[in-house]
Amino acid sequence: MSQIVKDEQQEQDIQFMRHALALAAKAEAAGEVPVGALLVKEGKILAEGFNLNIGQHDASAHAEMLCIRAAGQVIENYRLLDTTLYVTLEPCAMCAAAMVHARVSRVVFGAADPKTGAAGSVLDLLRFSAFNHQLEVTSGVLADECATQLSAFFRRRRQEKKAIKQALKQQGLTE
């Protein structure tokens, strides 16, 4: 791949990751863990999604899963050939398996997930040679911005829980 093509690809990856970060902000505004995803084919967005696990009471309502489901409806096929999925956080095993089954060609993610990441951090299901399909993986695109968004969310969540606990203690409702 020529340097010009690599530079263009990198610029496109950054552009789409910024869009995924905006989707993650929508998740956060809805009280969800801020993860956003979009699926792109030939430079055009086919579908997008953001975490809705809490609101939908659905463990499978990850940004990637919702995006993959929506894209299948758009193209009327479960096989998402020649597509790239952009996501702000490294996919988990469930999402990685869905990408393999859907035949997504490439995944681009921002922040690594050292606890449940299945694109190289804990497991590498996307490039597992025993599977009949492997994906190209690009990691670390806007990683600092993606990680900061997640860290700030969890920090605020911890502070809110602490404040509630203190308020209950002051009211004599807990020890």
Side-chain angles (χ1 to χ4, degrees), residues 1-29 32-52 61-75 77-129 131 133-153:
M1 188 183 297
S2 75
Q3 188 59 42
I4 293 171
V5 172
K6 284 182 184 179
D7 291 346
E8 288 173 3
Q9 182 67 66
Q10 189 175 25
E11 285 180 37
Q12 184 174 1
D13 288 350
I14 290 168
Q15 173 192 352
F16 285 126
M17 189 59 71
R18 289 203 188 289
H19 188 90
L21 280 161
L23 293 168
K26 287 183 179 184
E28 185 170 5
E32 303 279 350
V33 175
V35 178
L38 56 133
L39 193 73
V40 174
K41 183 170 184 162
E42 297 173 356
K44 294 184 174 62
I45 298 171
L46 285 179
E48 51 189 43
F50 52 85
N51 273 7
L52 290 173
H62 287 194
E64 303 96 295
M65 298 295 287
L66 297 174
C67 185
I68 288 168
R69 289 177 191 151
Q73 295 301 308
V74 168
I75 66 167
N77 194 334
Y78 76 96
R79 290 193 175 197
L80 304 172
L81 303 172
D82 303 317
T83 59
T84 299
L85 193 137
Y86 292 86
V87 61
T88 56
L89 179 64
E90 180 180 359
C92 69
M94 173 184 66
C95 295
M99 289 178 219
V100 169
H101 287 293
R103 307 297 193 274
V104 172
S105 299
R106 180 173 177 246
V107 66
V108 179
F109 69 87
D113 186 345
K115 293 183 180 180
T116 63
S121 290
V122 177
L123 303 167
D124 195 352
L125 295 179
L126 297 176
R127 295 176 285 203
F128 187 59
S129 62
F131 289 165
H133 178 72
Q134 292 84 38
L135 283 76
E136 178 185 337
V137 176
T138 302
S139 61
V141 175
L142 300 181
D144 290 341
E145 290 178 47
C146 294
T148 297
Q149 187 178 44
L150 285 158
S151 296
F153 170 81

Just verifying a value: how many Å separate [X] [atom1] and [Y] [atom2], rounded to the nearest 0.5 Å?
X: I68; Y: T83; atom1: CD1; atom2: OG1; result: 8.5 Å
X: M99; Y: C67; atom1: CE; atom2: SG; result: 9.0 Å
X: Q9; Y: I14; atom1: CD; atom2: CD1; result: 10.5 Å
X: L80; Y: I75; atom1: CG; atom2: CD1; result: 4.5 Å

Exercise: identify the closest heavy-atom pair between [X] and [Y]:
X: A27; Y: V33; value: CB-O, 3.6 Å
X: L38; Y: H19; value: CD2-CD2, 3.5 Å
X: D113; Y: V122; value: O-CG2, 4.1 Å
X: H62; Y: C95; value: ND1-SG, 3.4 Å
X: R18; Y: L142; value: CG-CD1, 3.6 Å
X: V40; Y: Q12; value: CG1-NE2, 4.3 Å

Next on the checklist: Is there a side chain to side chain contact (heavy atoms under 4.5 Å, CB included) between I45 and F16? Walk through the geometry before answering.
Outcome noted: CA-CA 9 Å; I45 298 171; F16 285 126; 3.8 Å; yes
Item to check | E28: side chain to side chain donor-acceptor pair (under 3.5 Å) partners, not counting sequence neighbours | outcome: R156
Next on the checklist: Using the side chain to side chain donor-acceptor pair (under 3.5 Å) criterion, which residues pair with N77? Sequence neighbours excluded.
Outcome noted: none
Next on the checklist: For the NZ atom on K41, are there more than 12 heavy atoms of other groups (residues, nucleotides or ligands in this structure) within a distance under 6.0 Å?
Outcome noted: yes
Measure from the side-chain N and O atoms of [X] to the backbone N and O of [Y], and report whether any donor-acceptor pair falls under 3.5 Å.
X: Q149; Y: L21; result: yes
X: R103; Y: H101; result: yes
X: Q134; Y: F128; result: yes
X: N51; Y: P34; result: no
X: E64; Y: V87; result: no
X: H133; Y: V104; result: yes

Checklist entry - Where do T88 and M17 land on the side chain to side chain contact (heavy atoms under 4.5 Å, CB included) test, with the steps shown first? => result CA-CA 7 Å; T88 56; M17 189 59 71; 4.2 Å; yes
Checklist entry - Could you walk me through whether T84 and S105 pass the side chain to side chain contact (heavy atoms under 4.5 Å, CB included) check? => result CA-CA 6 Å; T84 299; S105 299; 5.6 Å; no
Checklist outcome for this item: For residues 65-74, the salt bridge (Lys or Arg N to Asp or Glu O under 4.0 Å) pairs (sequence neighbours left out) are none
Residues which pass side chain to side chain contact (heavy atoms under 4.5 Å, CB included) with [X], listed by chain and number, not counting sequence neighbours:
X: A118; result: A93, A96, L123, L125
X: A61; result: L52, Q56, D58, L66
X: S139; result: F109

